[in-house]
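Single-structure report; data block below.
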Amino acid sequence: MNEHTARRPAASARLRPVDLARLAGISTQQIRNYEEAGVLPPAPRTESGYRTFDDVHRRALLAYRALAKGYGPVTATEIMRTVHADDIPGALALVDAAHAALHEERVSLRAASEALEALAREARAEKARAEKAGAEKAVAGSAGAEKPRRFPRPGPGPGPGPDLRIGEVAALLGVRTSALRVWESAGLLTPRRERGTAYRHYSPADVRDARLVHTLRRSHYPLHQIRPVLEDLHRTGGSEALHESIAARRAALTERTTAMLAGAGHLHAYLTHGHQ
């Protein structure tokens, strides 16, 4: 039996703190804390000073507990306080803001997934070009030889190359150098600067980041949504680890969204059936 399936007292019955505490599986002190924090509406006192609760408090408690699972206790507390201050539009605005933040997280995850797919396609294309060039070179080198032609086994592709200048990176990506400078000023790229001349030197990792930024910009992602993708890539240390991180975050978002929907349902029931 949980807080949602526990036996509910009659609507007209007075409830003690211990009754609500048993319903939610928490302490009576926590019930008092909820009332003082505005999570529950104000509770009238008996002549001896004891709090008395009723079915409105029960519904408020269930609504808060459901909200806290999806929105977190801080936001859930603020929502309930705003409701009990008779500011329903303000409470709904808090709900909207929480869902908007969740949507931003989903957009960021989608950007990361698309960037990784683009990087994987580019890596496959580069490997295919390297293998083709190696095979053509082998054919040309063995032309006219008496020995049977042998083709070398394809390797893993070209390794890290030397640093590139900004013009070379721009030409490689097909963008203007000004675009690379904008991305750098936004904190997305951090090429090494040469002493004395301050010329930019782009390492293979910098070029990879620039390619990722270019891919996402072509898909119309704003710069502030690209930053988390790069940060995750740097934090995980590689695309495979980032793939695993994205999958875990996507599962967590799905679980949280489900909890938020359940919490919003309880809030709707509390508002619809009266919270006064």
Query raised in the report: Have T77 and R81 got a donor and an acceptor in their side chains that come within less than 3.5 Å?
Result: no
Query raised in the report: Below 4.5 Å, heavy atoms only, C-beta onward: do P204 and D163 meet side chain to side chain?
Result: yes
Report summary line: Nearest heavy-atom contact between I31 and P17 is CG1-O, 3.9 Å
Report task. Using atom types as modelled and distance alone, determine if a side-chain donor or acceptor of Q30 lies under 3.5 Å from a backbone N or O of S27. Result -> no
Query - Nearest-0.5 Å distance, CG of residue L216 to CZ of residue R227 - result: 14.0 Å
Query - Joint cluster assignment, Y199 & V207, ILVMFWY side-chain distance < 4.5 Å - result: no
Requested in this report: With side-chain contact (heavy atoms from CB on, under 4.5 Å) as the test, would you mind laying out the steps for R193 and H201 before giving the verdict?
Outcome: CA-CA 6 Å; R193 291 299 191 104; H201 288 260; over 6 Å; no
Query raised in the report: How far does CD of E231 sit from CG of L188, to the nearest 0.5 angstrom?
Result: 9.0 Å
Query - Side chains of R218 and T215 in contact at under 4.5 Å (non-hydrogen atoms) - result: yes
Report task. Dump the intermediate steps for side-chain contact (heavy atoms from CB on, under 4.5 Å) on L172 and R211, then the final yes or no. Result -> CA-CA 9 Å; L172 180 66; R211 193 188 305 277; 3.8 Å; yes
Query raised in the report: How far does OG1 of T257 sit from CG of L102, to the nearest 0.5 angstrom?
Result: 4.0 Å
Requested in this report: Report the C-alpha distance between D209 and Y202 in whole Å, list the side-chain angles of each, state the deciding distance to 0.1 Å, and finish with yes or no for side-chain contact (heavy atoms from CB on, under 4.5 Å).
Outcome: CA-CA 10 Å; D209 289 351; Y202 291 81; over 6 Å; no
Query raised in the report: For R195, does the CZ atom sit with more than 12 other heavy atoms under 6.0 Å from it, leaving out its own atoms?
Result: no
Requested in this report: Would you name the heavy atoms of H57 and P41 that are closest together and state the gap between them?
Outcome: NE2-O, 3.2 Å
Query raised in the report: Which pair of heavy atoms, one from L67 and one from A264, lies closest together, and at what distance?
Result: CD2-N, 4.1 Å
**Report entry** Considering all heavy atoms, the nearest G70-R256 contact
**Finding:** O-NE, 3.2 Å
Query raised in the report: Hey, are the side chains of R217 and L223 touching, using non-hydrogen atoms and a 4.5 Å cut-off?
Result: yes
Query raised in the report: Quick check: are there more than 12 heavy atoms from other residues, nucleotides or ligands sitting under 6.0 Å from CD of E255?
Result: no
Report task. Could you tell me whether the side chain of I226 reaches within less than 4.5 Å of the side chain of W183, counting heavy atoms only? Result -> no
Query raised in the report: Can you tell me if H99 and D96 form a side-chain donor-acceptor pair at under 3.5 Å?
Result: no
Query - L40 side chain near L61 side chain, heavy-atom distance below 4.5 Å - result: yes
Report summary line: Taken to the nearest 0.5 Å, the spacing of D54 CG from R59 CZ works out to 8.0 Å
Query - Check: R249 side chain, L109 main-chain N or O, donor-acceptor pair, under 3.5 Å - result: no
Query - Nearest atoms (heavy-atom pairs only) where D206 meets L189 - result: O-CD2, 4.0 Å
Query raised in the report: Would you call M80 and Y34 a side-chain contact if the rule is heavy atoms closer than 4.5 Å?
Result: no
Query - Shortest non-hydrogen contact between L180 and A210, atoms and distance - result: CD2-CB, 4.2 Å
Report task. Rounded to the nearest 0.5 Å, what's the gap from CZ on R14 to CZ on R51? Could you check? Result -> 15.0 Å
Requested in this report: Please answer: with hydrophobic residues joined when any side-chain heavy atoms are less than 4.5 Å apart, are I88 and V56 in the same cluster?
Outcome: yes
Query raised in the report: Can you hop from L261 to L253 via hydrophobic side chains spaced under 4.5 Å?
Result: no
Report task. Taking the side chain as every heavy atom from C-beta outward, state whether L62 and L23 have any atom pair closer than 4.5 Å. Result -> yes
Query raised in the report: Can you tell me how far CG of L267 sits from CG of L92, rounded to the nearest 0.5 angstrom?
Result: 7.0 Å
Query raised in the report: V39 and V18: same hydrophobic cluster, using ILVMFWY side-chain contacts below 4.5 Å?
Result: no
Requested in this report: For side-chain contact (heavy atoms from CB on, under 4.5 Å), just list the numbers for R200 and R192, CA-CA rounded to whole Å, side-chain angles, deciding distance to a tenth of an Å, and then say yes or no.
Outcome: CA-CA 6 Å; R200 295 171 175 83; R192 179 177 61 86; over 6 Å; no
Query raised in the report: According to a 4.5 Å side-chain heavy-atom criterion applied to Ile, Leu, Val, Met, Phe, Trp and Tyr, with indirect links allowed, do Y50 and F53 form part of one hydrophobic cluster?
Result: no
Query - H268 NE2: over 12 foreign heavy atoms closer than 6.0 Å - result: no
Requested in this report: Would you mind reporting whether R16 and T28 have side-chain heavy atoms less than 4.5 Å apart?
Outcome: no
